[in-house]
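Predicted, not measured: the structure shown is a model, and the values here were computed from it. In the text below, chain A, chain B and the rest are named by the order of the sequence lines, each starting its count at 1.
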Amino acid sequence: MSALDDRPAAANFVRDLVIADCEQGTFGGRVQTRFPPEPNGYLHIGHAKAITVDFDLAAEFGGVCNLRFDDTNPDTEDASYVKAIVDDIGWLGYEVATPLYASDYFLQLVDWAVLLIRQGKAYVDEQDGETISEQRGGYGNPGTESPHRDRPIEENLDLFARMRAGELDEGAAVLRARIDMQHENMQMRDPVMYRIRARHHHRTGDGWKIYPTYDWAHGQSDAIEGITHSLCTLEFDGHRPLYDWYLDQLADAGVLPYEQPRQSEFARLELTHTVTSKRKLLQLISDGVVDGWDDPRMPTLRGLRRRGYPAESIRDFCRFIGVSRTNSRNEIELLESFVRTRLNAVAQRRMAVLRPLEVVIDNWPTDDSGVPLVEQVELINNPENADDGTRTAPFSGRFWIEQDDFKAEPPPKYYRLTPGREVRLRGAFFVTCVGLDTDADGNVERVHVTYDPETRGGNASDGRKVKSTMHWVSADHAVDVQVALYERLFSAEIPGEATGDVFDDLNPNSRELLEDCKAEPALGDATLGSVVQFERLGYFAHDLHAPLLFHRTVGLRDEWANIQKRKG
RNA sequence: UGGGGUGUGGUGUAAUUGGCAACACGACAGUUUCUGGUUCUGUUAUUAGGGGUUCGAUUCCCUUCACCCCAACCA
């Protein structure tokens, strides 16, 4: 654990609740949480918040957090997602001893359902879904009771057994809790506990013909595992009375193995310029807007990872934004600031030129046969970390600079290379612009400079200063690389706010692939997946597979860009 | 239409439960610097509105308003 991880957990209402429970001995001093994803999609930044809250809270109070797959709907779930989710959680930095599955409790759940039937608290309803829905009533109007609501217990037992045995067709019947069709909370109007679904399940195979609903499975799974604090998002707030009702019945029957767990809800994470809805992420892929779940523009953990976001920075962010019940949306800039903070400390510096402009040193020395001499200059790997040491880079009479770093006619406050001005080439020499070559259209093709041999290493012996230090890459030694530049996937802060359709706010320039970039030779020794800083440009991640492809993780804070933006 | 939830700067969270509204991001102005990065400093708020109780209210009471969630055999 690094220094940033040591900061005390921020105050929040859930943590206060846990502290109060510990003081009062509510759960015998135990704290146990769970993260319950449904294995039907990939984890994204929103899940990262839930994971961080669930795992950190348990860890802080000496408890454990279970990873439990909520695999109660065989229609959409798949084993491949299970694997990816376990993998992503591990990458985020959390240890999962053994993944658990709601499907492991199917037998227990059925036993408990039978218990409720015997107590007259559940019944089989043979009406179709549409009828049941109509009878549920609406906001303000009470529901009406099913004609099957008062059928004899033996009949319910028999019908439920037949549902389970596969003797009834899909949709022919459901098991319902017998609560209150007049209840002002819709969730309490005799909710469905089981539906008939003769499907293959990724873990239980073809044995089950009925599957429990979320509400019936979730709280009971919590109880079986000994969960104390069942944390979920705000939209489940209305389900809490039902969560408690089921557990109350089982507690009254004396069958719960642990203290009765409690559910608390907090606001989900929303980010500006980002969508996290599973449906919309899927559509981005199927429409070909992005390349897949791990496209560096995706808010998925796999995407962020490929983009170069350190797992620690995601955790820092999730810890910092807090836990509350206020619907809110965090600025993506905050996430990026945590990424920069982490990367600034650990990323080694390298030089690369994205849009090359050739510079020739007119007074550079040659050997007897007219070949330019080559100097090796020493460069610091990371000014933030002396232990990273130094490296050398070749320097000769021709090099590349960024097109942006030269202006024939400089705008106000521009202090990079311009005719007549002297600048420093990082770690090398001072050079002064003495001329330029242009093509037929007047575009700058090449810049001519002279260098001062007395400035070797980057300092003038007479102590004179220059306004600007620029990065460069020796033209005769450059490594050709490709760089993918990324901007926000959605240009609007709140995608879809204006028209109702998030896809109207897609940024057409979310990716720009630069094929003709020049990098210093040290970049040739790629460590796949690692992140470096290209000096003055930003942080760039080596692709996981292609050694000479770099993804821009995030740019450096750029005051010059702000100055230009302000001028419009 | 009924029920539930939430309102603190541009943004997100705090405030020892009635005592100078704090932290961070962003923005702006400086500082430092061989990265227009980093560092450091400063500026950026009548706590949704209106009443009340009190010496004193983000906190307690009344009231108005705004936003979010709920009528899947999804989770």
5'-to-3' dot-bracket of RNA chain B (Watson-Crick, G-U; under 3.5 angstrom; crossing pairs as [ ]; | other strand): .((((((..((((.....[..))))(((((.........)))))...(((((..]....))))))))))).....
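At the heavy-atom level, A:Gly238 lies nowhere under 4.0 Å from the strands shown. Nucleic acid contact class of A:Tyr414 (heavy atoms, under 4.0 Å, all strands): base. Among the atoms of the strands shown, none is found under 4.0 Å from any heavy atom of A:Asn185. Contact annotation for A:Leu234: no contact, since no heavy-atom pair falls under 4.0 Å across all strands. Among the heavy atoms of the strands, none lies under 4.0 Å from A:Thr272.
The stretch residues 69-81 of chain A touches RNA chain B through A:Asp70, A:Thr72, A:Asn73, each having a heavy atom within less than 4.0 Å of the strand.
In terms of phosphate contacts, A:Arg136 brings a side-chain nitrogen or oxygen within less than 4.0 Å of OP1 or OP2 of B:C73.
Taking CD1 of A:Ile494 as the reference point, atom OG1 of A:Thr274 lies at 11.5 Å (rounded to 0.5 Å).
Where A:Asn459 and A:Ser324 each meet RNA chain B at their nearest nucleotide, the meeting point lying more 5' is that of A:Ser324. Annotation: of the two residues near RNA chain B, A:Ser328 and A:Arg536, the 5′-most nearest-nucleotide partner is A:Ser328.
Distance check on atom P: B:U58 versus B:A21 gives 9 Å, rounded to whole Å. Rounded to the nearest Å, the gap between the P atom of B:G52 and that of B:U13 is 32 Å. On the P atoms, B:G30 is 40 Å away from B:G19, given to the nearest whole Å. Comparing the P positions of B:A48 and B:G9 gives an interatomic distance of 7 Å, to the nearest angstrom.
Judged by distance alone, with hydrogens and angles left aside, A:Gln533 brings a side-chain donor or acceptor within reach of the base of B:U35, the pair sitting under 3.5 Å. Side-chain to base pairing of A:His183 with B:A71: no donor and acceptor N or O lie closer than 3.5 Å to each other. Taking 3.5 Å as the limit, the base of B:G36 and the side chain of A:Arg416 contain a donor-acceptor pair of atoms between them. A donor N or O paired with an acceptor N or O is not found under 3.5 Å between the base of B:U11 and the side-chain atoms of A:Arg329. Residue-to-nucleotide contacts include a donor-acceptor pair under 3.5 Å from the side chain of A:Glu331 to the base of B:G10.
Judged by the 6.0 Å distance and 45° axis criteria, A:Arg197 is not positioned over the aromatic ring of A:Tyr211.
Atom CZ in A:Arg268 sits roughly 16 Å away from atom P in B:G12 (whole-Å rounding). Atoms CZ (A:Arg426) and P (B:G37) sit 13 Å apart, rounded to a whole Å. Atom pair A:Asp558:CG and B:G36:P shows a separation of 9 Å (rounding to whole Å applied). If you measure from atom CG of A:Asp16 to atom C1' of B:U13, you get 13 Å, rounded to the nearest angstrom.
Looking only at atom types and distance, the side chain of A:Asn185 has no donor-acceptor partner in the side chain of A:Gln187 under 3.5 Å away. A side-chain donor-acceptor contact under 3.5 Å links A:Thr390 and A:Glu378.
Classification of the A:His218-A:Tyr243 ring pair by plane angle, with boundaries at 30° and 60°, yields tilted. Using a 30° and 60° split on the angle between ring planes, A:Phe236 and A:Tyr214 fall in the tilted class, from 30° to 60°.
For A:Asn156 (side chain) and A:Ile117 (main-chain N/O), no donor-acceptor pair under 3.5 Å exists by modelled atom type.
Summarising the local packing, NZ of A:Lys413 is surrounded by 12 or fewer heavy atoms from other residues, nucleotides or ligands at distances under 6.0 Å. Heavy-atom neighbours of A:Gln376 CD from other residues, nucleotides or ligands within 6.0 Å: above the threshold of 12.
Of the candidate nucleotides B:G5, B:C73, B:C28, B:C28 has the atom nearest to the side chain of A:Arg566. In the set B:C73, B:G36, B:C28, the nucleotide with an atom closest to the side chain of A:Lys413 is B:G36.
Both thresholds, 5.5 Å between centres and 30° between ring planes, are not jointly met by A:Tyr194 relative to the base of B:C73, so the two rings are not stacked. You can call A:Trp560 stacked on the base of B:G36; the centres are under 5.5 Å apart and the planes sit within 30°.
In B:A72 the O4'-C1'-N dihedral to the base is within 90° of 0, which defines a syn nucleotide. For B:U17, the base adopts the syn conformation, since its glycosidic angle falls within 90 degrees of zero.
Looking at A:Arg464, A:Lys465, A:Lys467 one by one, the single match for side-chain hydrogen bond (donor to acceptor under 3.5 Å, both in side chains) with A:Glu422 turns out to be A:Arg464.
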